[in-house]
Colleague: 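I'd like to ask some things about the structure below.
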There are 2 protein chains.
Amino acid sequence: MTSSPSLSPDSRARAALVAALGAAKILENPGEPYDRDSSSYTAVPDLVVLAECVEDVQQVMRLANEHGFAVIPRGGGTGTSGGCVALGGGVVLSLERMNRIVSIHTENLVAVVEPGVITQTLRDAAAAKGLFYPPDPAGMDASTIGGNVATNAGGPACVKYGVTRDYVLGVEAVTPTGERIRAGVQTRKGVVGYDMAHLLCGSEGTLGVITGLTLKLIPLPAATVGLAAVFASMADAMRAVTAILTAGHLPSALEFLDHKCLQLAGDDLPFSVPGCTASLLIVELDGARDQITAEMEAVKGICVATGATHTMPGGTEEERERIWGVRRRTSTRIRAHAPITISEDIAVPIGRIAPFIELVPGFEEEFGLDIFCFGHAGDGNIHLIVTAPERSEKHRVDDGIRAIVQQVLDMGGTLSGEHGIGEAKKGLLPMELSPESIRLQRGIRRVFDPNGVLNPGKVF
Amino acid sequence: MTSSPSLSPDSRARAALVAALGAAKILENPGEPYDRDSSSYTAVPDLVVLAECVEDVQQVMRLANEHGFAVIPRGGGTGTSGGCVALGGGVVLSLERMNRIVSIHTENLVAVVEPGVITQTLRDAAAAKGLFYPPDPAGMDASTIGGNVATNAGGPACVKYGVTRDYVLGVEAVTPTGERIRAGVQTRKGVVGYDMAHLLCGSEGTLGVITGLTLKLIPLPAATVGLAAVFASMADAMRAVTAILTAGHLPSALEFLDHKCLQLAGDDLPFSVPGCTASLLIVELDGARDQITAEMEAVKGICVATGATHTMPGGTEEERERIWGVRRRTSTRIRAHAPITISEDIAVPIGRIAPFIELVPGFEEEFGLDIFCFGHAGDGNIHLIVTAPERSEKHRVDDGIRAIVQQVLDMGGTLSGEHGIGEAKKGLLPMELSPESIRLQRGIRRVFDPNGVLNPGKVF
């Protein structure tokens, strides 16, 4: 499979699409937002199809095989690796109109949804019935659940609740050749045949177009309380993380910001920052209010015992909002800070977070970069915002990233904890996966997509 | 792929195995236990190889491809569907000697283990460090962790903690062609390429031989408390299940026994059974002792409010043991009760448990069977022990099982919640999976195993 091959529909294919689907479902001169996602990749697709039902998706895939054009599935466009951008031309297949919540079963604790449902909409609908869909990727106000499943999206809640995959029970999909398949189950368990549902999950729109989902829900926790704790160093903060987890606490969020993030946000922080290496932990617990209030006192005690110089309570919604505002504003400021900003999304074993972050200044110096680290301390997933002062420095950024990724891999980590490969990280993929593993995965892809029409050129 | 093809090693292949591995790793005249698992299938293999390292496994697979013999991987032999029995002849590849716990990382909350580690041994080793490996399949005193992963084993704790798959971070395996691959990560998140680790999980020894695992651990709950509650009917018991879950409680076990189980165990029960439709719920909560003690009072209140006629506390180890003893003894008595006993392992959406069990007497009458139901109320996984009075009734049992499975599928269920397909349920598999899904799965299998040497004839 070559990188981003040109697979535009010709005039016969365009006519066939219009004839099969009707003009109302096709954008013939598409522009924003269909030319981009939340990465820096942009490309105007030849056409956009706004599918309204499974049959529409089947029609598109059948015509793609017949006429030889590329189909690029698209959810909310919040991906950060270019996965839904039509870089080699082709038809963007948007699932946004398939946005029905079919049912939320209180007794069965499942939701049955179409792929275009906005993640937050599902969370709200579940909460209205006393149920909880835990995955909380950063873009959940705009991301679709289908896109979340296609990329196996993460988020702060993963430390306690796991990733999107852990909530996928059943997947209905259209294969690249236009066949409908059901994978997985509507029940909470199932071991019949290979785990096709979870193979589709995280396949980044290369093995099938997700057209329906049965998702696991759990009881909605009654309350959430937060805590922000400032430490003199990342090593101190990470000692607190280990102490919290091994004391038997399982926070619903356990986030960190490094000293550079805090310095950048310094004048805007609701607390003072002690010294130039100060780091922040954000801890949340959810459950019955009296239980978690008592538990948070214990967690606060652990933070103080491991060296917290300042703590800020997050018992009320306003207090929690103030804490998360620190993280959000930091992120915004970093992006405003430099012309080149590249988000990396590495993960290391939890115990290697502090040692890894201690190595970051060395990479900054060697490659002339400014690197900001924040992320999910409870699961080792570190968002690195790699910035450089001028556009001409792009190659130094790339060299620096390769060196950092090699370090991450040497520490037993992975180059992407939750963002995926898409287009952005294809070049890095062979650093992590062996030729034999890539060979097997390409073989699987060919079984599903013999003509190479579904999101060609992406991932590998 | 034909059913159970004869793929015995010839004399040259046998000689090559001895030359490559040494006689000390080979059983030339194997008998028990290598001729069976916990199903009713038995077959004496041609040879047993007792692998001691990854290279041994690679040698076996390379020679299998070169000489054309079948390799059947084996863990603890506790499977219930014949998956590790050499029904068509061939070499049983036992992983029992690869039983080292390589490390349990407190900071990283992971265990790195060889596949032959006994599940309970891992649980104990984790607990000794304040950590918890939650999956608790019934055979965990004898099952291996590699076998658990190969079958994606379940257990009572799934309702709160999920299945084995949810604890698999990374898998090292030898492919059917003898190549070593690493799949997944050593971190808690990872989305690089397809989800090969979870594809291997549950593939029942058909896509690779697992040679190493990185497993997710969580903090060890401080305490566990139990409760047994007797209800006048299964419908009442299931109302309690729904009420418990939707009130925000997440029990670490939520098991049921139907009226026939209770009647069979009647004289041996530590409580009286009110009427002929009485059903039992077993509830456990884990966490900090004072929290769960208070929470169990609330759960008990829900049980009483939904109609429990009797409750029995399980606050102490002795009391918990007394409660679980009811379930264990029931299971033993059922097996002693009839010459033909077949374990089915269906799962239905939680809300369909009671309606399904109400249909069971109809199947008993129609097919002349005696059916005992118990299992995991919190996740809809029902163990049906289908019994019949005489050996000649086997075909009626089979017909009855097909009718039951069809009913389960019509209710949105699955034919196997945790036992898998192996040999036992191959005939039922096409009732659940579409021809297109089976075609894709066979295609995946061919990508991994072009010569069809790894556990041929199993699953599909």
Colleague: Is A:I444 in contact with chain B via its backbone, its side chain, both, or neither, using a 4.5 Å heavy-atom distance?
Modeller: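 For A:I444, the contact with chain B is made by backbone and side chain together.
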Colleague: Any residues in residues 189-196 of chain A near chain B, with a heavy-atom distance under 4.5 Å, and which are they?
Modeller: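 Near chain B, by residue number: A:K189, A:G190, A:V191, A:V192, A:G193, A:Y194, A:D195, A:M196.
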Colleague: Say whether, by atom type as modelled, one donor and one acceptor occur between the side chain of A:H198 and the main chain of A:R165 under 3.5 angstrom.
Modeller: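 Yes: the side chain of A:H198 pairs with the backbone of A:R165.
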Colleague: If I take atom NE2 from residue A:H419 and atom OG1 from residue A:T80, how far apart are they, to the nearest 0.5 angstrom?
Modeller: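 Here the rounded value is 4.0 Å.
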Colleague: Looking at A:L250, A:L207, A:L109, which has the largest count of heavy-atom pairs under 4.5 Å with chain B?
Modeller: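 Between A:L250, A:L207, A:L109, the count favours A:L207.
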Colleague: Most heavy-atom pairs under 4.5 angstrom with chain B, which of A:T414, A:D379, A:T242, A:L433?
Modeller: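 Option with the greatest count: A:D379.
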Colleague: Which pair of non-hydrogen atoms, one from A:A354 and one from A:A235, has the smallest distance, and what is that distance?
Modeller: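 Closest approach of A:A354 to A:A235, heavy atoms only: CB-CA, 4.0 Å.
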Colleague: Give the member of B:S437, B:G248, B:G170, B:G412 that has the highest number of heavy-atom pairs under 4.5 Å with chain A.
Modeller: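 Most pairs with chain A among the choices: B:G412.
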Colleague: Could you look at A:L440 and say if it's the side chain, the backbone, both or neither that has a heavy atom under 4.5 Å from chain B?
Modeller: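 Interface part for A:L440: both.
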Colleague: When you measure from the side chain of A:K458 to the backbone N and O of A:G83, does any donor-acceptor pair fall under 3.5 Å?
Modeller: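 Between the backbone of A:G83 and the side chain of A:K458 there is a qualifying donor-acceptor contact (under 3.5 Å).
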Colleague: With only heavy atoms counted, which part of B:L245 is less than 4.5 Å from chain A, the side chain, the backbone, both or neither?
Modeller: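 When you check distances to chain A, atoms from both the backbone and side chain of B:L245 fall under 4.5 Å.
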Colleague: Top residue by heavy-atom pair count (under 4.5 Å) with chain A, among B:A347, B:G287, B:G202?
Modeller: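 The answer is B:A347.
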Colleague: Select one option (side chain, backbone, both, neither) describing which atoms of B:H105 are under 4.5 Å from chain A's heavy atoms.
Modeller: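 No part of B:H105 comes within 4.5 Å of chain A.
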Colleague: Between chain A and each of B:L131, B:I438, B:V459, B:V348, count heavy-atom pairs under 4.5 Å; write down the option with the most.
Modeller: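 Top count of heavy-atom pairs under 4.5 Å with chain A: B:V348.
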Colleague: Under 3.5 Å, is there a donor on one side chain and an acceptor on the other for B:E344 and B:H383?
Modeller: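 No donor-acceptor contact under 3.5 Å links the two side chains.
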Colleague: When rounded to the nearest 0.5 angstrom, what is the spacing between CE in B:M61 and CZ in B:R180?
Modeller: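 Those atoms lie 15.0 Å apart.
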Colleague: Under the ring-ring contact (aromatic ring centres under 6.0 Å, His included) criterion, do B:F132 and B:Y161 qualify, and how do the steps go?
Modeller: CA-CA 11 Å; B:F132 188 32; B:Y161 291 108; 5.3 Å; yes
Colleague: Side chain, backbone, both or neither: which part of A:T151 has a heavy atom under 4.5 Å from chain B?
Modeller: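 Looking at A:T151, just its backbone touches chain B.
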Colleague: Report the option among B:T246, B:I353, B:N381 that has the most heavy-atom pairs separated by less than 4.5 Å from atoms of chain A.
Modeller: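 The option with the most such pairs is B:N381.
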Colleague: Just verifying a value: how many Å separate B:T164 OG1 and B:E418 CD, rounded to the nearest 0.5 Å?
Modeller: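 Separation between the atoms: 9.0 Å.
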Colleague: Among B:P221, B:G130, B:S203, B:G413, which has the most heavy-atom pairs under 4.5 Å with chain A?
Modeller: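 Heavy-atom pairs under 4.5 Å are most numerous for B:S203.
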Colleague: Do the side chains of A:D286 and A:K160 get close enough for a salt bridge, i.e. N-O under 4.0 angstrom?
Modeller: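 A salt bridge links A:D286 with A:K160.
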Colleague: Name the region of B:A222, side chain, backbone, both or neither, that has any atom closer than 4.5 Å to a heavy atom of chain A.
Modeller: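 Neither part.
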Colleague: Is a side-chain donor or acceptor of A:E436 paired with a backbone partner of B:I181 at a separation under 3.5 angstrom?
Modeller: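 Absent.
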Colleague: Has the side chain of A:D345 got a donor or acceptor atom that lies under 3.5 Å from a matching backbone atom of A:S416?
Modeller: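 No; zero donor-acceptor contacts below 3.5 Å.
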Colleague: Side chain, backbone, both or neither: which part of A:E179 has a non-hydrogen atom closer than 4.5 Å to chain B?
Modeller: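 It is the side chain, since no backbone atom gets that close.
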Colleague: Sub-3.5 Å donor-acceptor pair from the side chain of A:D166 to the main-chain atoms of A:V163, do we have one?
Modeller: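 Pair found, side chain donor or acceptor close to backbone of A:V163.
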Colleague: Against chain A, work out which of B:G443, B:G417, B:G420, B:A247 has the most heavy-atom pairs shorter than 4.5 Å and name it.
Modeller: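 The candidate making the most pairs under 4.5 Å is B:G417.
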Colleague: Could you tell me whether the side chain of B:E432 and the main chain of B:L415 form a donor-acceptor pair under 3.5 Å?
Modeller: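 Yes.
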